[in-house]
Amino acid sequence: MADTYSRVNGSEGGVGRFLGIPIVNLLAIVILSRGKCGLSACTTRYLVAMATADLLVTIIKFIFNRIRDYYFPGSFLNINPVCNVILVLRRAAGDCSVWFTVTFSFDRCVAICCQKLKAKYCTDRTANVVLATTCILLLLKNVPFYFAVEPGWIINNVPWGCYTKPSYYIEQQWMVFDWFDTVLTPLLPFALIMLLNALTVRYILVASRVRKGLRGQSKGENHGDPEMESRRKSMILLVAISGSFILLWLVYVLHFLYYIISGKNPKDYNDSEYIFVQVGAMLMNLNCCTNTFIYGVTQSKFREQVKSALKYPVTPIIQLINKQNN
């Protein structure tokens with residue numbers, strides 16, 4: 001069930017469009033790792049993992065793949081075994097980027113909706129175990145892609161190029177694996193994130209009404225409630241990150257459903273269908289750089305840390321100029 005995104009090798013986007021993404025993600029990793037954004041250690045761990053996965057996707061997909069194809073077509077990166085390894089790593093990084101969003105959503109759901117389980121689950125150690133386990137399982141899941149491609153030509157007994165085997169599209173085991181791959185990413189995460197968000201938001205709204213009633217706010221009195229304010233900020237961050245994922249992957253999911261229901265060969269797509277597919281690919285890739293901007297919009301302390309980071313290399317120069325002037 002291969003789609004027009006080239007399920008195995010990938011063909012999304014160009015180089016120049018995404019060159020700024022590594023810098024943005026690296027900045028987010030550095031700032032979040034310092035732990036000065038007012039977030040719990042557990043939440044920070046998930047956010048750093050998400051930013052790292054996005055960074056790896058960008059490096060492997062857009063730098064290794066696209067720069068290799070456009071500027072270094074005859075480099076060692078085009079040797080078949082090396083190309084196969086890059087393919088497995090690229091797909092694993094993409095899956096991690098998606099599933100780390102799921103693990104983050106689940107962690108926030110537990111932290112907000114399950115107070116008894118929160119103390120045991122929402123810890124730095126648990127986050128490390130969950131993230132490491134998820135990463136290892138997804139890497140193993142993508143190992144079969146190493147055997148789904150073959151060299152395009154052999155020069156001096158060295159295999160070059162990575163091309164999808166024709167059997168990938170016709171043999172039953174590969175078709176089953178392709179279905180499994182698509183369901184695992186992004187259909188299942190898509191459903192899980194919407195479910196977790198719905199449960200979390202519903203709990204916060206119900207708890208907010210109850211606490212307002214107990215504190216007399218339903219009668220117009222205005223009392224600060226630090227607990228609800230903390231939950232509100234957590235909900236905003238969760239909904240912003242999860243909602244961004246859903247919106248940016250929605251076109252991809254709709255195209256997959258269209259492909260399955262219509263049974264139309266992607267080679268026979270008309271202009272509007274082809275544009276729809278390319279828009280879906282662009283939005284899917286854009287998911288690798290949106291989280292940093294979400295942090296900046298929803299987290300005031302993150303914005304302060306960004307300003308400090310940008311001022312840091314300039315401050316010594318300004319101080320040196322001031323000394324010379326004095």
Candidate pair S105 and L238, rule side-chain contact (heavy atoms from CB on, under 4.5 Å), full reasoning: CA-CA 7 Å; S105 300; L238 171 64; 3.7 Å; yes
Please examine the side chains of D95 and L184, heavy atoms only from C-beta on, and report whether any two atoms are closer than 4.5 Å. no
Is there a side-chain contact (heavy atoms from CB on, under 4.5 Å) between L237 and R108 once you walk through the steps? CA-CA 10 Å; L237 180 62; R108 291 300 87 199; over 6 Å; no
Tell me yes or no: SG of C122 and SG of C42, less than 2.5 Å apart? no
In terms of hydrophobic clustering (I, L, V, M, F, W, Y; side-chain heavy atoms under 4.5 Å; direct or indirect links), are L56 and V102 co-clustered? no
Just wondering, are more than 12 heavy atoms of other shown residues or ligands nearer than 6.0 Å to CD in Q173? yes
According to a 4.5 Å side-chain heavy-atom criterion applied to Ile, Leu, Val, Met, Phe, Trp and Tyr, with indirect links allowed, do V183 and F256 form part of one hydrophobic cluster? yes
How long is the span from the CG atom in L195 to the SG atom in C109, to the nearest 0.5 Å? 8.0 Å
Looking at N270, I'd like to know if its CG atom is crowded, meaning that more than 12 non-hydrogen atoms belonging to other residues, nucleotides or ligands lie closer than 6.0 Å. yes
Taking W160's backbone N and O only, do any of them form a donor-acceptor pair with N80's side chain (distance below 3.5 Å, no angle check)? no
Which atom of K118 lies closest to which atom of A111, heavy atoms considered: CD-O, 3.4 Å
Would you mind reporting whether F104 and T43 have side-chain heavy atoms less than 4.5 Å apart? yes
Identify the heavy atoms of A92 and N142 that sit nearest to each other, and give their distance. CA-ND2, 3.5 Å
Contact between Y46 and L39 at the side-chain level, heavy atoms closer than 4.5 Å - yes or no? no
Candidate list V57, L47, I29, test side-chain contact (heavy atoms from CB on, under 4.5 Å), partner T52, passing option: I29
Any idea which heavy atoms bring R34 and V30 closest together, and the distance? CG-O, 3.2 Å
Restricting to non-hydrogen atoms, name the atom on T126 and the atom on T123 that form the minimum distance, rounded to 0.1 Å. OG1-OG1, 2.8 Å
For residues P166 and E150, report the shortest heavy-atom separation together with the two atoms involved. CD-OE2, 3.6 Å
Is there a chain of hydrophobic side chains (I, L, V, M, F, W, Y, each step under 4.5 Å between heavy atoms) that links L77 to I155? yes
Min side-chain heavy-atom separation L283-Y252 under 4.5 Å: no
Using modelled atom types only, decide if a donor and an acceptor are shared between the side chain of N156 and the backbone of V158 within a distance under 3.5 Å. no
Can you confirm if the aromatic rings of Y168 and F177 lie within a centre distance of less than 6.0 Å? no
For this output row, return yes or no: ring centroids of Y121 and F106 closer than 6.0 angstrom. yes
Using a 3.5 Å distance criterion without hydrogens, assess whether the side chain of T101 forms a donor-acceptor pair with backbone atoms of S97. yes
Between N84 and C162, is a side-chain contact (heavy atoms from CB on, under 4.5 Å) present by the stated rule, with each step listed? CA-CA 7 Å; N84 290 357; C162 287; 3.1 Å; yes
Say whether M282 and L247 are linked into one hydrophobic cluster, either directly or through other cluster members, by side-chain heavy-atom distances under 4.5 angstrom. no
Any heavy-atom pair between the side chains of L87 and Y146 that's under 4.5 Å? no
Going by side chain to side chain contact (heavy atoms under 4.5 Å, CB included), name the residues that satisfy it together with L257, two or more places apart in sequence or in a different chain. V253
Same cluster for Y163 and V82 if Ile/Leu/Val/Met/Phe/Trp/Tyr side chains link at under 4.5 Å? yes
Start with the C-alpha distance between Y169 and D178, add both sets of side-chain angles, then the distance that settles side-chain contact (heavy atoms from CB on, under 4.5 Å), and finish with yes or no. CA-CA 9 Å; Y169 303 103; D178 189 75; over 6 Å; no
Atom of C37, atom of Q305 and distance for their closest heavy-atom approach: SG-CG, 4.2 Å
Less than 4.5 Å apart, any side-chain heavy atom of S244 and any of I241? no
Measure from the side-chain N and O atoms of K36 to the backbone N and O of K301, and report whether any donor-acceptor pair falls under 3.5 Å. no
Hey, are the side chains of E273 and Y258 touching, using non-hydrogen atoms and a 4.5 Å cut-off? yes
Taking the ring of W99 and the ring of F245, is the distance between their centroids below 6.0 Å? no
For the atom pair CG (N128) and CZ (R45), what is the distance rounded to the nearest 0.5 Å? 4.5 Å
Is there a side-chain contact between F302 and L32 (heavy atoms, below 4.5 Å)? yes
